[in-house]
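This report concerns only the one structure given below.
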Amino acid sequence: MKFQTSILLLFLSILLWASCRKDKFEQYDENKLGVDYFPLKPKMYHEYSVERITFDAFNQKSDTVHLIMRNEQDTFFKDNLGRTAMRYIQYTRNMNETQWSSERTYYYVSQKTHIESVVENKRSVILTFPVLEESVWDLNTYNKEPQYLLIYDKKLESYNNGFIQSNQSIEITRFGRDLPFEVNSWKEIYAVDIGLVSKEYTNIDLLDNNYPSGTKEKIELISYGFK
C-alpha cells in the first residue's frame with residue numbers, strides 16, 4: 001500500500017509539473033504573438049531587388065524588367081477607423097539607374113490578431129497572430145476580392161540570400177488551390193526583427209492558345225536599416 005501511495009504521488013507530481021510547463025509555454029506564445037516578424041518603426045527602410053515578368057497572350061510575348069524597390073516607414077498616424085497606422089512610401093528605380101521615382105503611398109496597421117495592409121483603400125491581412133505553423137487565414141477578409149487563403153507553411157531555422165541573414169523566419173504559401181487554367185501561387189518569408197525578406201508571386205491565366213497572360217514577380221531583400 002505504501003508503494004502504491006508513492007507511485008500515486010509521483011504521478012500527481014508529474015501532472016502538476018507538466019501543467020505548469022504548459023501554462024508557461026502558452027503564456028509565452030500568447031505574449032509574443034509574432035509581431036516581431038513585422039516591425040513597425042519610424043524611419044526604417046527596406047530595399048529589394050525585383051524581377052518582374054509580364055506575359056502578353058494577345059501578342060504572344062513576355063517582357064522582363066529588373067528594379068530596385070525601396071519601402072520607407074514614415075510616421076504613425078490615426079486612420080479613418082481610429083487605429084494607429086504606419087505610413088509607407090514606396091520608391092522604385094531601374095537596376096542601372098540612381099534616380100528614385102515615387103511609386104505609391106500606403107500604410108500598415110498592427111492589431112492584436114493580425115497585421116493589415118491598406119493600399120488604395122483595399123484592406124488585406126498579411127500576417128495573423130499568434131504565428132503558428134499550419135494556421136490558415138484569408139488575405140481578403142476585409143475586402144470584396146475572392147477568398148485567398150494563406151498558410152504558415154513552416155518555420156525556418158535560418159535564412160540567407162547572400163545579402164540578409166536571419167536565425168528565425170517563417171514561410172507563408174497559398175493554401176489549397178490548383179486549377180488547370182491558371183498558375184496562381186504566393187510564397188513569402190518573414191524574418192524576426194527584419195520583416196519581409198523574400199516574396200514570389202505568380203498570377204497567370206492559361207488561355208485557349210496555351211500562351212500565358214499575367215505576371216510573375218520575385219522580390220529579395222538586399223538591405224535594410226534606418227535612414
Side-chain angles (χ1 to χ4, degrees), residues 25 28-53 64-76 86-100 103-104 106-111 114-117 119 124-137 139 150-175 185-202 215-227:
F25 179 77
Y28 173 79
D29 277 354
E30 182 180 353
N31 287 337
K32 192 167 184 180
L33 294 177
V35 293
D36 44 356
Y37 282 103
F38 202 97
L40 293 177
K41 300 177 180 179
K43 309 305 179 183
M44 190 175 187
Y45 73 87
H46 298 77
E47 286 189 6
Y48 300 89
S49 65
V50 181
E51 180 184 79
R52 184 179 298 152
I53 306 173
T64 302
V65 296
H66 293 89
L67 305 169
I68 301 294
M69 180 173 70
R70 180 181 174 98
N71 295 336
E72 294 185 356
Q73 298 189 38
D74 186 29
T75 55
F76 287 109
M86 170 60 76
R87 181 179 290 104
Y88 269 60
I89 304 174
Q90 186 179 93
Y91 303 90
T92 58
R93 63 177 173 84
N94 290 330
M95 190 73 73
N96 57 353
E97 295 180 355
T98 58
Q99 187 69 32
W100 294 99
E103 185 83 4
R104 59 182 175 176
Y106 53 100
Y107 64 90
Y108 287 98
V109 179
S110 180
Q111 300 283 82
H114 64 277
I115 295 284
E116 185 177 314
S117 69
V119 181
S124 302
V125 179
I126 60 171
L127 296 177
T128 186
F129 300 139
V131 173
L132 299 173
E133 287 185 64
E134 299 185 359
S135 291
V136 179
W137 72 97
L139 176 75
L150 300 176
I151 181 172
Y152 286 128
D153 198 11
K154 55 188 173 183
K155 286 190 175 180
L156 307 173
E157 291 184 359
S158 62
Y159 173 83
N160 189 338
N161 66 2
F163 297 95
I164 304 299
Q165 184 173 355
S166 171
N167 294 325
Q168 189 176 349
S169 53
I170 189 77
E171 183 177 287
I172 299 170
T173 58
R174 184 161 192 188
F175 177 76
S185 63
W186 177 293
K187 184 174 108 172
E188 292 183 326
I189 298 176
Y190 288 84
V192 167
D193 296 326
I194 299 176
L196 179 68
V197 294
S198 177
K199 180 175 181 178
E200 296 181 35
Y201 170 73
T202 302
T215 304
K216 183 176 183 179
E217 190 169 89
K218 183 175 181 179
I219 299 172
E220 292 285 344
L221 183 65
I222 55 177
S223 70
Y224 71 98
F226 293 86
K227 60 178 182 175

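The analysis underlying the following values was restricted to heavy atoms, covering all of them including side chains, and did not include hydrogens, waters or symmetry mates.
Note that the CG atom of Leu196 and the CD1 atom of Ile172 stand 8.5 Å from one another [nearest 0.5 Å]. Here the straight-line distance linking atom CG of Leu127 with atom CG of Leu33 works out to 11.5 Å at 0.5 Å rounding. Atoms CG and CD, on Asn160 and Gln165 in that order, are 4.5 Å from each other to the nearest 0.5 Å. Interatomic distance, Glu97 CD to Ile68 CD1, rounded to the nearest 0.5 Å: 11.5 Å. Here the CD1 atom belonging to Ile170 is positioned 10.5 Å from the NZ atom belonging to Lys154, to the nearest 0.5 angstrom.
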Working for side chain to side chain contact (heavy atoms under 4.5 Å, CB included), residues Lys187 and Glu171: CA-CA 7 Å; Lys187 184 174 108 172; Glu171 183 177 287; 4.0 Å; yes
Is there a side chain to side chain contact (heavy atoms under 4.5 Å, CB included) between Val119 and Ser124 once you walk through the steps? CA-CA 8 Å; Val119 181; Ser124 302; over 6 Å; no
CA sep, side-chain torsions, deciding dist, call: Tyr88, Leu40, side chain to side chain contact (heavy atoms under 4.5 Å, CB included): CA-CA 10 Å; Tyr88 269 60; Leu40 293 177; 3.9 Å; yes
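Among all heavy-atom pairs drawn from Ile219 and Met69, the shortest one is CD1-CE, 4.0 Å. When all heavy atoms of Ser110 and Val35 are compared, the pair lying nearest together is OG-CG1, 4.1 Å. Of all heavy-atom pairs between Glu103 and Thr92, the closest is OE1-OG1, 3.1 Å. Residues Leu221 and Ile164 come closest through the heavy atom pair O-CG1, 3.4 Å. Nearest heavy-atom pair across Ser169 and Ala191 is CB-CA, 3.9 Å.
Using a 4.5 Å heavy-atom cutoff, the side chains of Ile151 and Trp186 are not in contact. Contact of the Tyr201 side chain with the Lys218 side chain is not registered, since no non-hydrogen atoms from C-beta on lie closer than 4.5 Å.
Every residue meeting the side-chain hydrogen bond (donor to acceptor under 3.5 Å, both in side chains) condition with Tyr159, not counting sequence neighbours, appears here in chain and number order: Asn161, Glu220. Remark: Phe38 engages Tyr108 in a ring-ring contact (aromatic ring centres under 6.0 Å, His included) (not counting sequence neighbours). The side chain to side chain contact (heavy atoms under 4.5 Å, CB included) test applied to Thr128 returns Trp137, Tyr152, not counting sequence neighbours. Applying the side chain to side chain contact (heavy atoms under 4.5 Å, CB included) rule to Asp193 yields the partners Asp36; only residues at least two apart in sequence or on another chain are considered. Taking Arg93 as the reference, nothing meets the side-chain hydrogen bond (donor to acceptor under 3.5 Å, both in side chains) condition, with sequence neighbours excluded. Evaluation of the side chain to side chain contact (heavy atoms under 4.5 Å, CB included) rule for Ser185 yields Thr202 as partners, not counting sequence neighbours.
Proximity of a side-chain donor or acceptor of His46 to a complementary backbone N or O of Ile194 within less than 3.5 Å is detected. With hydrogens and angles disregarded, no donor-acceptor distance shorter than 3.5 Å links the side chain of Glu51 to the backbone of His66.
In the model, Glu47 has no side-chain atom that pairs as donor or acceptor with a side-chain atom of Tyr45 under 3.5 Å.
In this structure, Lys155 does not pair ionically with Glu133, as no charged nitrogen and carboxylate oxygen lie closer than 4.0 Å.
Residue-environment remark: NZ (Lys199) exceeds the threshold of 12 foreign heavy atoms within 6.0 Å. Within 6.0 Å of CZ in Phe163 there are 12 or fewer heavy atoms belonging to other residues, nucleotides or ligands.
The one candidate from Arg87, Glu72, Met86 that meets the side-chain contact (heavy atoms from CB on, under 4.5 Å) condition with Pro42 is Met86.
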